[in-house]
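I have placed the structure first, in the form of structure tokens, so that the comments after it can refer back to it.
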Amino acid sequence: MNETVAKKWRILVINGPNLNLLGQRETGIYGALTLADIETACRRKADTLGIAIDFFQSNHEGALVERIQAAAGVHDWIVINPAAYTHTSVAIRDALLAVNIPTIEVHLSNIHRREPFRHHSYVSDIAVGVIAGLGAEGYLYALEAGAQRLASKAGP
Ligand code: CA2
């Protein structure tokens, strides 16, 4: 028998500093869901999409850089909310460029409706796309978009 097993695409979801506090404070800006709730929703979405996901959060820039580096050769897509490092981190930008994995940037809040210092992102211009202001749903849309593009890449 000549059975071909389809490759299961693997998406890495990365969250930056203070997102571990979601649901506890600033719920008016970031919503009432905890990061664990968002992870559960992402895992459910991944199951329906038939993809594998890994979920990671750190408050440390170096740990985020190392997680991105470790994705090389393992993950096919990255969904990242770099949180405050969005606006400051050349290191995260360089790590994403180094691994050359297609990336979608996600923000819970619409950073363009907020303080001017949040309007610039070191990730946006190297990302496939940016989703901001749609709350936790933004992660699910990013997974859908990534899965769809990976499937069409693999198609006949
Ligand atoms: O809107 C987003 O997702 C942000 O990436 C969130 C970051 C912020 O610095 C970006 O400008 C936009 C902040 C995450 C902090 O999360 C908290 C959660 C609960 C309580 C306090 C902070």
Side-chain angles (χ1 to χ4, degrees), residues 9-49 51-72 74-150:
W9 300 108
R10 200 163 196 98
I11 298 185
L12 176 61
V13 183
I14 303 180
N15 287 284
N18 296 308
L19 288 167
N20 56 312
L21 299 178
L22 283 176
Q24 298 172 31
R25 278 168 242 155
E26 303 206 49
T27 52
I29 301 176
Y30 299 122
L33 295 184
T34 66
L35 194 61
D37 294 332
I38 294 176
E39 178 173 355
T40 300
C42 284
R43 292 195 180 282
R44 275 203 199 110
K45 172 61 80 177
D47 283 347
T48 67
L49 293 168
I51 58 167
I53 64 164
D54 293 298
F55 204 88
F56 180 77
Q57 188 274 333
S58 179
N59 294 325
H60 303 278
E61 188 175 22
L64 294 162
V65 166
E66 283 173 1
R67 190 68 193 87
I68 293 166
Q69 288 181 7
V74 177
H75 291 93
D76 306 294
W77 204 278
I78 291 175
V79 171
I80 187 167
N81 182 348
Y85 288 139
T86 306
H87 319 297
T88 63
S89 182
V90 177
I92 288 175
R93 175 192 177 86
D94 285 348
L96 291 168
L97 284 170
V99 296
N100 196 26
I101 298 171
T103 296
I104 297 182
E105 176 184 355
V106 171
H107 297 285
L108 295 156
S109 64
N110 181 349
I111 54 176
H112 300 288
R113 292 182 68 174
R114 301 185 62 194
E115 305 95 316
F117 71 84
R118 294 188 203 273
H119 297 179
H120 177 260
S121 163
Y122 278 96
V123 173
S124 295
D125 68 307
I126 60 164
V128 176
V130 181
I131 299 172
L134 303 181
E137 290 275 300
Y139 289 83
L140 309 183
Y141 298 141
L143 289 176
E144 265 176 41
Q148 201 172 78
R149 277 160 182 75
L150 286 166

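We count ligands from 1, going down the list as the structure has it; atoms in each ligand are counted the same way. Heads up: numbering here begins at 1 and tracks the sequence.
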task = Write out the residue and atom name of the closest protein heavy atom to atom 9 (O) of ligand 1, then the distance separating them to 0.1 Å.
result = R118 NH1, 2.9 Å

query = Just wondering, do F55 and R43 contact through their side chains at under 4.5 Å, heavy atoms?
reply = yes

key: Stepwise side-chain contact (heavy atoms from CB on, under 4.5 Å) check, R67 with S58   = CA-CA 9 Å; R67 190 68 193 87; S58 179; over 6 Å; no

Determine all donor-acceptor pairs shorter than 3.5 Å in which one atom belongs to a side chain in residues 21-33; sequence neighbours excluded.
unit_1	atom_1	unit_2	atom_2	d
Y30	OH	R114	NH1	3.0
Y30	OH	R114	NH2	3.3

query = How close does the nearest protein non-hydrogen atom get to atom 15 (C) of ligand 1, and which residue and atom is it?
reply = N18 CB, 3.6 Å

inquiry  = A side-chain contact here means heavy atoms from C-beta on lying under 4.5 Å apart; do I80 and I92 qualify?
reply    = yes

key: Under 3.5 Å: N/O of L108 near N/O of ligand 1   = yes

N81 neighbourhood, listing ligand 1 atoms whose heavy-atom distance to it stays under 4.0 Å = 2 (C), 3 (O), 5 (O)

request  = Identify, by atom number and element, the atoms of ligand 1 in contact range of H87, meaning under 4.0 Å from any of its heavy atoms.
outcome  = 10 (C), 11 (O)

ask   = So is Q24 close enough to ligand 1, meaning a heavy atom under 4.0 angstrom away?
value = no

Geometric N/O contact Y30 with ligand 1, under 3.5 angstrom = no

query = Any side-chain heavy-atom pair from V13 and L143 closer than 4.5 angstrom?
reply = yes

inquiry  = Is there a polar contact between ligand 1 and S109, counting only N or O atoms under 3.5 Å apart?
reply    = yes

key: Minimum non-hydrogen distance to atom 19 (C) of ligand 1, winning option of R25, E105, E26   = R25

request  = Sort out for me which residue in H112, H107, E105, R93 forms a side chain to side chain donor-acceptor pair (under 3.5 Å) with S121.
outcome  = E105

note = For I111, the ligand 1 atoms with a heavy-atom partner under 4.0 Å come out as 12 (C)

remark   = Short version for L21: what comes under 4.0 Å of ligand 1, heavy atoms counted, is both

inquiry  = Give me the nearest non-hydrogen protein atom to atom 14 (C) of ligand 1 as residue plus atom name, then the distance to 0.1 Å.
reply    = L19 CD2, 3.7 Å

query = ligand 1 and H107, any nitrogen or oxygen pair closer than 3.5 angstrom?
reply = yes

query = Please walk me through it: do T34 and D37 pass side chain to side chain donor-acceptor pair (under 3.5 Å)?
reply = CA-CA 5 Å; T34 66; D37 294 332; 3.1 Å; yes

query = Are I131 and V79 side-chain neighbours, meaning at least one heavy-atom pair lies under 4.5 Å?
reply = no

task = List in chain and number order the residues that pass side-chain contact (heavy atoms from CB on, under 4.5 Å) with E137, two or more places apart in sequence or in another chain; answer none if no residue qualifies.
result = L140, Y141

